Amino acid sequence: MKNNEIIKNLSLEEIIKNLSLEEKIKIVTGHAFWYTHDLEDKGLNALLLTDGPSGVRKQEEGADALGLNQSIKTISFPSLALIASSFDKNLLRQYGEYLGQIAKSEKVNVLLGSGINIKRNPLAGRNFEYMSEDPLVAGKLATAYINGLQSQGIGASVKHFAANNRENQRFTNSSNIDERTLREIYLSAFETVVKYAQPATIMSSYNAINHVPVSENKWLLTDVLRNEWGYQGVVVSDWSAVKHRSNSLKAGLNLEMPGKGQSTLTEVTNAVKNGELDEHILDTSVDRVLTLIKQHQIKDEAQSYDKAS
């Protein structure tokens with residue numbers, strides 16, 4: 001039996017049961033900046049996650065988060081802020097479908113978008129890639145976009161969850177918000193897309209909320225997102241947003257990107273062996289990431305697309 005057929009014929013429970021602790025940790029940790037780990041002996045092909053605020057941004061060599069190094073040549077679309085100004089759900093669905101076709105042709109499994117943080121300050125550095133200052137508009141249009149993208153077999157990654165509204169001290173700032181304001185303004189669009197589109201992944205943000213880092217915020221990532229809203233997919237970190245990996249696993253963050261290599265492996269191994277992290281919690285994240293891998297393999301041969309028109 002070929003390696004890539006093994007995972008199709010074994011249940012996730014059987015696969016997880018036969019994984020070593022190190023293999024489990026690798027599955028929930030990124031690799032080579034944009035990829036998940038490739039465990040070929042288990043029939044697991046790596047997934048490629050790449051940026052998508054204005055099209056598909058794929059780097060083949062010299063990967064970097066800021067896009068300073070060369071990317072492949074593809075179509076640069078108008079910013080999501082401009083497309084969303086159409087208030088046209090059909091257009092957003094068509095846009096998602098077309099991005100899905102491009103992603104498939106470039107062998108991208110998960111596209112990092114759409115951005116639905118609420119615009120509260122005109123000086124916020126990422127307003128160009130967020131849809132709206134209105135949570136109703138953002139939720140409805142993002143639902144159409146996600147459904148279009150995922151109809152092509154490509155996973156969406158809705159971002160940045162949540163209240164990520166400034167670039168100054170982006171890794172350390174705390175968004176201090178009362179619960180009513182948080183739910184009615186900052187979380188509402190995310191709730192809409194979870195209930196009406198079930199995006200493959202949701203990306204956690206760099207900031208803290210009320211002094212609790214989002215990547216370690218169990219109330220947000222588990223109590224609200226999963227238990228209240230019924231989210232079924234993978235919570236993935238923004239790139240290098242995770243400070244304490246074992247704490248983030250306990251909070252409900254499933255996939256750390258791009259991963260810290262041996263540092264993460266050592267931290268989580270020690271936490272499991274010392275009894276600080278229940279291995280069943282790790283297994284839950286492994287299960288969710290494996291489900292993502294199974295659901296978003298690209299099976300078709302790459303199709304070319306028209307970059308000119």
Side-chain angles (χ1 to χ4, degrees), residues 16 21 24-25 27-30 116-118 135 157-165 170-195 198-260 263-292:
I16 295 169
L21 179 58
K24 291 177 183 179
I25 298 168
I27 286 171
V28 300
T29 307
I116 60 174
N117 279 88
I118 299 303
S157 190
V158 182
K159 58 184 187 177
H160 301 86
F161 190 60
N164 182 198
N165 295 90
R170 68 189 305 211
F171 293 103
T172 58
N173 77 80
S174 178
S175 300
N176 301 326
I177 310 167
D178 66 271
E179 187 170 346
R180 179 177 177 180
T181 304
L182 184 61
R183 286 180 178 272
E184 291 184 358
I185 296 176
Y186 295 95
L187 300 186
S188 177
F190 289 97
E191 181 178 8
T192 298
V193 300
V194 166
K195 291 182 175 178
Q198 276 291 339
T201 74
I202 289 180
M203 184 186 293
S204 68
S205 53
Y206 289 124
N207 58 287
I209 293 179
N210 297 327
H211 304 290
V212 179
V214 168
S215 64
E216 300 175 22
N217 195 318
K218 184 176 182 293
W219 176 81
L220 184 68
L221 302 184
T222 297
D223 297 346
V224 173
L225 181 61
R226 293 199 186 276
N227 297 342
E228 288 188 26
W229 298 349
Y231 182 57
Q232 301 297 314
V234 167
V235 177
V236 58
S237 73
D238 203 343
W239 267 234
S240 302
V242 175
K243 297 177 179 65
H244 305 101
R245 184 62 180 118
S246 58
N247 289 344
S248 72
L249 282 163
K250 287 186 278 189
L253 191 143
N254 309 123
L255 176 61
E256 177 193 15
M257 293 298 293
K260 297 189 290 291
S263 174
T264 293
L265 185 61
T266 300
E267 179 193 344
V268 179
T269 298
N270 290 340
V272 171
K273 290 183 175 179
N274 294 337
E276 297 170 11
L277 175 66
D278 189 328
E279 192 167 350
H280 291 299
I281 293 174
L282 174 61
D283 289 349
T284 296
S285 283
V286 171
D287 181 273
R288 287 173 178 151
V289 174
L290 289 180
T291 299
L292 180 74

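The structure displayed is predicted, hence computed values, not measured ones.
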Could you check whether any side-chain N or O of Ser285 sits under 3.5 Å from a backbone N or O of Val28, counting only pairs where one atom can act as donor and the other as acceptor? no

Closest heavy-atom pair and its distance - Ala200, Leu292: CB-CD1, 3.8 Å

To the nearest 0.5 Å, tell me how far Lys273 NZ sits from Asn270 CG. 7.5 Å

Checking Ser237 against Glu256: is there a side-chain donor and acceptor pair closer than 3.5 Å? no

Mind checking whether Trp229 and Leu187 have side chains closer than 4.5 Å, heavy atoms only? yes

Run the side chain to side chain contact (heavy atoms under 4.5 Å, CB included) check on Leu249 and Leu277 step by step: do they pass? CA-CA 8 Å; Leu249 282 163; Leu277 175 66; 3.8 Å; yes

I need the Ile116 CD1 to His160 NE2 distance, nearest 0.5 Å. 11.0 Å

Minimum side-chain heavy-atom gap Tyr206-Trp239 below 4.5 Å: yes

Separation between NE2 of His280 and CG of Leu282, rounded to the nearest 0.5 Å: 11.0 Å

Could you tell me which non-hydrogen atom of Asn117 sits nearest to which non-hydrogen atom of Ala162, and how far apart they are? ND2-C, 4.1 Å

Using a 3.5 Å distance criterion without hydrogens, assess whether the side chain of Asn165 forms a donor-acceptor pair with backbone atoms of Ile118. yes

Taking all non-hydrogen atoms of both residues, which atom of Arg288 and which atom of Gly233 are closest, and how far apart? CD-O, 3.9 Å

For the backbone of Leu220 and the side chain of Asn217, can you confirm whether one donor and one acceptor N or O come within less than 3.5 Å of each other? yes

Side chain Asn176, main chain Ala208, donor-acceptor under 3.5 Å: no

Note: Glu184 and Ser188 closest approach over all heavy atoms is O-CB, 3.6 Å

Mind checking whether Ile209 and Tyr186 have side chains closer than 4.5 Å, heavy atoms only? no

Looking only at atom types and distance, does a side-chain atom of Ser204 sit under 3.5 Å from a main-chain N or O of Phe161, one as donor and one as acceptor? no

How many angstroms lie between atom CG of Leu221 and atom OG of Ser215, to the nearest 0.5 angstrom? 8.0 Å

Looking at Val235, is its backbone amide N or carbonyl O close enough to the side chain of Asn254 to form a donor-acceptor pair, meaning the two atoms are under 3.5 Å apart? yes

Given Glu216, which of Lys243, Lys250, His244 fulfils the side-chain hydrogen bond (donor to acceptor under 3.5 Å, both in side chains) condition? His244

Between atom CZ of Arg226 and atom OG1 of Thr284, what is the distance when rounded to the nearest 0.5 Å? 9.0 Å

Between Val194 and Ile202, is any pair of side-chain heavy atoms under 4.5 Å apart? yes

Hey, does the side chain of Asn173 reach the backbone of Asn207 with a donor-acceptor pair shorter than 3.5 angstrom? no

4.5 Å side-chain heavy-atom contact, Thr29 and Leu265: no

Going from CD1 on Ile177 to CZ on Arg183, what distance comes out if it is rounded to the nearest 0.5 angstrom? 12.5 Å

Identify the two heavy atoms, one from Ser240 and one from Pro258, that lie closest to each other, and give their separation to 0.1 Å. N-CD, 3.4 Å

Ala241 and Ser205: which non-hydrogen atoms are nearest, and at how many Å? CB-O, 4.2 Å

Can you find a pair of side-chain heavy atoms, one from Tyr231 and one from Gln198, that are under 4.5 Å apart? yes

Would you say Arg245 and Ser248 are linked by a side-chain donor-acceptor pair, where the criterion is simply a distance under 3.5 Å? yes

Determine whether Trp219 and Val212 make a side-chain contact, defined as any pair of heavy atoms from C-beta on separated by less than 4.5 Å. no

Any salt bridge between Lys24 and Glu279, counting N to O under 4.0 Å? yes

Do the non-hydrogen side-chain atoms of Thr222 and Asn227 ever get within less than 4.5 Å of each other? yes

State whether the side chain of Asn274 and the backbone N or O of Glu276 hold a donor-acceptor pair below 3.5 Å, judged by distance alone. no

